[in-house]
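See below for the structure under consideration.
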2 protein chains.
Amino acid sequence: MFSKACEYGIRAAVYIALQSLDGRRVSVNEIAEEIDSPIAFTAKILQQLSRNNIIHSVKGPTGGFQIAREDMDAVKLNMIVKAIDGDKIYVGCGLGLKECNAQKPCPLHDKFVDIRTDLSKMLKSTSLFELATGLEVGLTYLKR
Amino acid sequence: MFSKACEYGIRAAVYIALQSLDGRRVSVNEIAEEIDSPIAFTAKILQQLSRNNIIHSVKGPTGGFQIAREDMDAVKLNMIVKAIDGDKIYVGCGLGLKECNAQKPCPLHDKFVDIRTDLSKMLKSTSLFELATGLEVGLTYLKR
DNA sequence: CATTAATCGGACAAAAATGTCCTTTATTTG
DNA sequence: CAAATAAAGGACATTTTTGTCCGATTAATG
């Protein structure tokens, strides 16, 4: 469904949000440790998220990554997915046809559109804050 | 969503079914031409489908691939997906966690399960025959 | 102002997915 | 039985994704 990069990206963003709720800024090393991901690869992904203004980065000692409380509400999952995987999840034919649309649909078109609409709605309506608070109260987990 | 191999596999299977409805047995070359896919790669995928008894192959002159009318009803999309991509679409965490389940869910678990259940239902309930007949009456397309 | 701690960014490496080529095997047909 | 045809299968090539390494840049702190 999502690429590895995107999986790490979402997990990292949720972890950063969780720590930001406590006013903590976190380093790549800590993030990779806590979400169980490869450090250098995670760093690349965080750069992407930072360039897309999804998370905020600070260089130098005491630096790291953080997310402002308001941004946790504004940032929805679809923004993270788009920043990392592009829009291939939302666009394009389920069977790989170049020109597949309502006028000239592939055999799976309608059924596929239904599924993808649901997925799209879910990603557009799920905020980082929502995911971070689930973690905070111990309902969900990020590791293993 | 699906791998390229799986996309080609589904398209090929639907095309074989369509031709089998007319009693025609088709070669890899014709299939690849008609579904616009790389020939040799398509041949590999057809081998997989054949080994999994999803399509029937016949060697030698006048040989090729075909699907019996009864099998078009019996073969559902999920069988093709499973034969080619395995069960990674059905199993495993949306965020890539190794142990993610109702007891120890990732932050996206519930929402992800919903989407995947829908996808799974769709694949399990869609037969090759259904897709082939849509093609036959000119409602859908397999190329471009 | 030197040291240190952190991200940034580019080059490289490894693994997986996609795709090609060529030989072997089975089968039909003249 | 020989020739031709088509799938089967193995080895190899290319591309994409995943992952690593290291020097450059930025900023805090003694």
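In the text below, chain A, chain B and the rest are named by the order of the sequence lines, each starting its count at 1. Predicted model, so just to flag it, every value in this text is computed and none were measured.
Cluster membership check: B/Met122 does not share its hydrophobic cluster with B/Val113, using side-chain heavy-atom separations under 4.5 Å among Ile, Leu, Val, Met, Phe, Trp and Tyr.
Contact between B/Ala17 and B/Ile67 at its shortest, heavy atoms only, is N-CD1, 4.0 Å. Nearest heavy atoms, B/Tyr15 versus B/Arg24: OH-NH1, 4.4 Å. Across all non-hydrogen atoms, the minimal contact from A/Ala32 to A/Pro38 is CB-C, 4.5 Å. Of all non-hydrogen atoms in A/Val91 and A/Arg116, the two that sit nearest each other are O-NH1, 3.4 Å.
Donor-acceptor pairing under 3.5 Å is lacking for the side chains of A/Lys121 and A/Ser125.
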Using residues 96-110 of chain B as the side-chain source, report each donor-acceptor pair under 3.5 Å to any protein atom, sequence neighbours left out, with the distance given to one decimal.
unit_1   : atom_1 : unit_2   : atom_2 : d
B/Lys98  : NZ     : A/Asp36  : OD2    : 3.3
B/Asn101 : OD1    : B/Gln103 : N      : 2.9
B/Asn101 : OD1    : B/Lys104 : N      : 2.9

Do any side-chain atoms of residues 72-90 of chain A form donor-acceptor pairs under 3.5 angstrom with protein atoms, and if so which ones, sequence neighbours left out?
unit_1  : atom_1 : unit_2  : atom_2 : d
A/Asp73 : OD2    : A/Arg69 : NH1    : 2.9
A/Lys76 : NZ     : A/Asp73 : O      : 3.1
A/Asp85 : OD1    : A/Ser3  : OG     : 2.5
A/Asp85 : OD2    : A/Ser3  : N      : 3.1
A/Asp85 : OD2    : A/Ser3  : OG     : 3.4

Using the side-chain contact (heavy atoms from CB on, under 4.5 Å) rule, take A/Leu49 and A/Ile16 through it: C-alpha gap first, then chi angles, then the decisive distance, then the call.
CA-CA 12 Å; A/Leu49 295 181; A/Ile16 295 167; over 6 Å; no
Pair A/Lys143, A/Glu33 - check side-chain contact (heavy atoms from CB on, under 4.5 Å), show working.
CA-CA 9 Å; A/Lys143 225 176 162 181; A/Glu33 168 69 23; 4.0 Å; yes
Let me see the working for B/Val137 and B/Thr133 under side-chain contact (heavy atoms from CB on, under 4.5 Å), right down to the final yes or no.
CA-CA 6 Å; B/Val137 299; B/Thr133 48; 5.7 Å; no
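Relative ring orientation between A/Phe41 and A/Tyr8 is described as perpendicular, the plane-to-plane angle rising above 60° on a 0-90° scale split at 30° and 60°.
Fit an axis to the five pairs at each end of the helix from C/dC1-D/dG30 to C/dG30-D/dC1 and the two axes sit 0° apart, to the nearest 10 degrees.
Protein chain B contacts DNA chain D from D/dA4 to D/dA11, reading 5' to 3' and using non-hydrogen atoms of the protein with a distance under 4.0 Å.
Side chain of A/Ser27 to main chain of A/Gly64: no donor-acceptor pair is present (N/O by atom type, distance under 3.5 Å, no hydrogens or angles).
Atom CD in B/Gln48 sits about 14 Å away from atom P in C/dG19, given to the nearest Å. Protein atom CD1 of B/Ile45 is 11 Å distant from nucleotide atom P of C/dT20, rounded to whole Å. If you take CZ of B/Phe41 and P of C/dA16, they are 16 Å apart, rounded to a whole angstrom.
Within the 4.0 Å cut-off from OP1 or OP2 of C/dT18, not a single side-chain nitrogen or oxygen of B/Tyr8 is found.
Proximity of residues 13-24 of chain B to DNA chain D (heavy atom under 4.0 angstrom from any strand atom) is not detected for any residue.
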Got a list of protein N/O to nucleotides 6-10 of chain C N/O distances below 3.5 Å?
unit_1 : atom_1 : unit_2  : atom_2 : d
C/dA6  : O4'    : A/Gly60 : O      : 3.3
C/dT7  : OP1    : A/Val28 : N      : 2.8
C/dT7  : O3'    : A/Ser57 : OG     : 3.4
C/dC8  : OP1    : A/Ser57 : OG     : 2.6
C/dG9  : OP2    : A/Arg51 : NH1    : 3.0
C/dG9  : N7     : A/Lys44 : NZ     : 3.4
C/dG9  : N7     : A/Gln47 : NE2    : 3.1
C/dG10 : N7     : A/Lys44 : NZ     : 3.0
C/dG10 : O6     : A/Lys44 : NZ     : 2.4

